Structures are given as C-alpha cells and as structure tokens.
Trainee: 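Quick one: structure below, then a few questions.
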Amino acid sequence: MKCKRCLEPGIIDIRRHNASFCGDCFLHYCKEQVRKTIKEHSMIFDGEKVLVAVSGGKDSLALWDILLELGYEVDGLYLALGIGQYSQDSHAMALKYAQSKSLKLIEKDVQQALGFSISDSPRIVKRAPCSACGTSKRHFFNSVALENNYDVVATGHNLDDEAAVLMGNVLRWDLSSLSRQSPCLAAGNGFVRKIKPLVRLSEREMAAYCIIKGIDYIVQECPMSKGNRHIGLKEALNAIEDRSPGTKSAFYLGFLSKALDSFKQEENFDFTTLQPCKVCKSPTPSELCAFCRLSKKGPSVVNNR
Ligand code: AMP
Ligand code: FES
Ligand code: ZN
C-alpha cells in the first residue's frame, strides 16, 4: 500500500485506519494522535512543566520523545524497583535516552525507601508483586512531581493497556475503577494532574516509532508480571481486533466519549475525607498512606520518602 499522506511506498499498515504510512509520515501521524489527545482532554497548558515517568520501555521513551517534539518542557522520572537484571537494563535504557539529548532524569530508589525490593514483596506482603509495585509507582509519581514543582505527570499507557484495563473493569462491573478510568485526572487535594497521552496509539505503533527514530528500549517484559490478568485480556482483545480491526479503539474511545461521564456521576469520591499521611504527608483517607503502610511491613524502615 502507498503512504496515505505522501503516496510514497508505505512501510507500516494501520489496519484500524485502513491506512499505510512511510516512515516520516508515520512519525507525523503519532505526533498528531498525541497532539489531538492532549487537546481533547485538556492535558497540558501553555508554560506547564511535565514530568514523564520513564520505565526504559518503548511506550514511555516514545512518549518523552513525542512530547519534546511537540515543544513541551519535559523531564523524566525513573523508579528503581529492584527487579534484578530487568531493573538494571531498564535503567540503562532510560539513562541512555536522557543522556543522548542532555535531558534531566530524576531517579528514585524505591527499594531503599520501601525497605525491601519489589521482587521480595510477595514474601513480605503475601500479595502479587504488581500490588506493591503499583502502590509505589502511584506514590512516587505524585510525591516527586509535587516536591519538584511539576504541573503534570505523564505515563506511557497506550491503547492496548487501557482497553485491557477497561475490559477487566467492565467484566467485574468495578464502578469505582470505571469512574476513574480517565486519561486525564485533575489536580487537587494533594494530587498532581496525571495524564496518559498515548491512549490513541497501540503497543505495536510505539515499538515502530522507537525503531524508526533509533530509540533503544528494553524489549523484555517485567519478569514479575507473568500471570498478570491483563495479559490474558490483551490476548482476548487482540484476537477480536484481528478479526475486526478497529474494535479495540471503538471500545475504549467509545467508553471515553459515551460512558465515562455517567460512571463519574455514579461514583462521587468524597475528597473531604482525605488528610495528610502522618509520615510522608501524602493525601490519604487513613492515618498512614498506602505506601507508608506497605513500608511498615518490611524488615527495616528507611526514612527516605
Ligand atoms: P506499567 O505499569 O509497567 O504498565 O507501566 C505503565 C507506565 O508507568 C509506563 O509507561 C511508564 O510511564 C510508567 N513506569 C513503569 N515503570 C516505571 C519505572 N520503573 N519508573 C518510572 N516510570 C515507570
Ligand atoms: Fe511492576 Fe513488574 S514493573 S511488578
Ligand atoms: Zn505516607
């Protein structure tokens, strides 16, 4: 197929748009999808400082690159989770990209702050590692952004991620999660604004973006995420998408335009119940925030939050 935009030979087909693009026009397409998402959901305003959470994977590195290309002021945040070689390799990729463009990369040692690594967390907290990992990420994305005066935190969640989470939420009719499944969560009550500008782009497109731009990323998935239920949901959605291209984006983008608001009205969270955590001052409905409760379970508590 010829490139939809310039009619040169296409190198990547996007079946859900019934289109093919050459390399340059594909990069343009990715940028425009992100620009559109940012505008549609009022994600970033003029002059704001953005902190992008970078894992060293394709999505977050492509996101950093695209936001810079769109002219935003963006620094990176890398969290060292203590997952052996996987963490070392992902750190190397995040650092390599930052250094190649002389960008600022803030680094935070989660293992040190928590008192144990994410790999050790199942033994200590008797739950899947993704649980301690998610709590730590939510905690540091917010606290590091607030401490360093960023207006917004951006993560690399893509269309495949969000459609799988949506499917999981719908299958369980988890109304509380559905009401919060927005690609832009407003700031306030001790929370910084959180955005997911890649929700119109697929995993495959983000890999292609990095390859075309020569951005090195860690290909390996997190070894702790084996058996994660979202992997099964992604496979199910891919099987459907394969037979009917466009279903995945219709499902997720349709949710945003047609259903999210009604779930928001159903589940009105009462922010007046929030108070500062006794230890780290993060907003929480309890005395201690989820992260500080987690760190108390470890063998030693290191005061580095
Ligand atoms: P995941 O939770 O692994 O699906 O990752 C979702 C998003 O969280 C990524 O696209 C990144 O933006 C961010 N993220 C994941 N791992 C890290 C990390 N170690 N440090 C900073 N950000 C991360
Ligand atoms: Fe969180 Fe693997 S990245 S458990
Ligand atoms: Zn706390």
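Both backbone and side-chain heavy atoms feed into the values below; hydrogens, waters and symmetry mates do not. Here the structure is a predicted model, which means the values were calculated and not measured. Counting convention: from 1, in listed order, for ligands and their atoms alike.
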Trainee: Under 4.0 Å, heavy-atom basis, I'd like to know which part of Val54 is in contact with ligand 1: side chain, backbone, both or neither.
Mentor: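 It is the backbone that touches ligand 1; the side chain stays farther off.
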Trainee: I'd like to know if the Zn ion (ligand 3) has an N/O/S atom from His139 within less than 2.8 Å of it, counting both backbone and side-chain atoms.
Mentor: no
Trainee: Quick one: look at Val52 and ligand 1, take heavy-atom pairs under 4.0 Å, and tell me if it's side chain, backbone, both or neither.
Mentor: neither
Trainee: Going by the order shown, which atoms of ligand 1 are within less than 4.0 Å of some heavy atom of His157?
Mentor: 6 (C), 7 (C), 10 (O)
Trainee: Can you tell me the angle formed at the Zn ion (ligand 3) by SG of Cys280 and SG of Cys289, to 10°?
Mentor: 110°
Trainee: How about Ile38 and Leu67: do any of their side-chain heavy atoms sit closer than 4.5 Å?
Mentor: yes
Trainee: Ignoring hydrogens and angles, tell me if any N or O in the side chain of Glu205 forms a donor-acceptor pair with the backbone of Ser202 under 3.5 Å.
Mentor: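 Flag set: sc Glu205 to bb Ser202 pair under 3.5 Å.
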Trainee: Would a line drawn from the ring center of Tyr29 to the ring center of His17 be shorter than 6.0 Å?
Mentor: yes
Trainee: Could you name all protein N, O or S atoms found under 2.8 Å from atom 1 (Fe) of ligand 2?
Mentor: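 Cys133 SG, with waters left out.
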Trainee: Please report whether ligand 1 has a polar contact with Leu81, defined as an N or O pair separated by less than 3.5 Å (distance criterion only).
Mentor: no
Trainee: What about Gly156: any of its N or O atoms under 3.5 Å from an N or O on ligand 1?
Mentor: yes
Trainee: Under a 3.5 Å threshold, yes or no: a donor from one side chain and an acceptor from the other, between Ser60 and Ser55?
Mentor: yes
Trainee: Hey, what's the ring geometry for His139 with Phe291, parallel, tilted or perpendicular (30° and 60° as the breaks)?
Mentor: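 The rings of His139 and Phe291 lie parallel, inter-plane angle below 30°.
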Trainee: For the pair Ser177 (side chain) and Asp174 (backbone), establish whether a donor and an acceptor sit closer than 3.5 Å, ignoring hydrogens and angles.
Mentor: no
Trainee: For the residue pair Asp89 and Gln220, confirm or rule out a side-chain donor-acceptor distance under 3.5 Å.
Mentor: no
Trainee: May I ask you to decide if Tyr150's main-chain N or O and Asn148's side chain share a donor-acceptor pair within less than 3.5 Å?
Mentor: no
Trainee: If I take atom OH from residue Tyr217 and atom CE from residue Met206, how far apart are they, to the nearest 0.5 angstrom?
Mentor: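 Rounded to the nearest 0.5 Å, the OH-CE separation comes out at 10.5 Å.
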Trainee: If we check side-chain hydrogen bond (donor to acceptor under 3.5 Å, both in side chains) with Asp160, which of these qualifies: Lys234, Lys248, Arg204, His230?
Mentor: Lys248
Trainee: Among protein heavy atoms, which lies nearest atom 17 (C) of ligand 1, and at what distance?
Mentor: Ser55 CB, 3.5 Å
Trainee: Say whether Phe140 and ligand 1 are in contact under the criterion: heavy-atom distance to a ligand atom below 4.0 Å.
Mentor: no
Trainee: Decide, yes or no, whether a salt bridge links Lys196 with Glu162 under the criterion of side-chain N to carboxylate O below 4.0 Å.
Mentor: yes
Trainee: Of the protein's non-hydrogen atoms, which lies at the shortest distance from atom 11 (C) of ligand 1, and what is that distance?
Mentor: Ala53 O, 3.1 Å
Trainee: Please calculate the SG(Cys292)-the Zn ion (ligand 3)-SG(Cys277) angle and round it to 10 degrees.
Mentor: 110°
Trainee: I need the nearest protein heavy-atom contact for atom 8 (O) of ligand 1: residue, atom name and distance, please.
Mentor: Phe141 CZ, 4.0 Å
Trainee: Protein heavy-atom contact under 4.0 Å for atom 20 (N) of ligand 1?
Mentor: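 Neighbour list for atom 20 (N) of ligand 1 includes protein heavy atoms (cut-off 4.0 Å).
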Trainee: Is a side-chain N or O of Asn142 found less than 3.5 angstrom from the main chain of Gly190, in a donor-acceptor match?
Mentor: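 Judged by distance alone, yes, a pair lies under 3.5 Å.
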Trainee: Under 3.5 Å, side chain of Arg200 to main-chain N/O of Gln33, donor-acceptor pair present?
Mentor: no
Trainee: Would you check the N or O atoms of Lys137, main chain and side chain alike, for any that come under 3.5 Å of an N or O of ligand 1?
Mentor: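 There is such a contact, yes.
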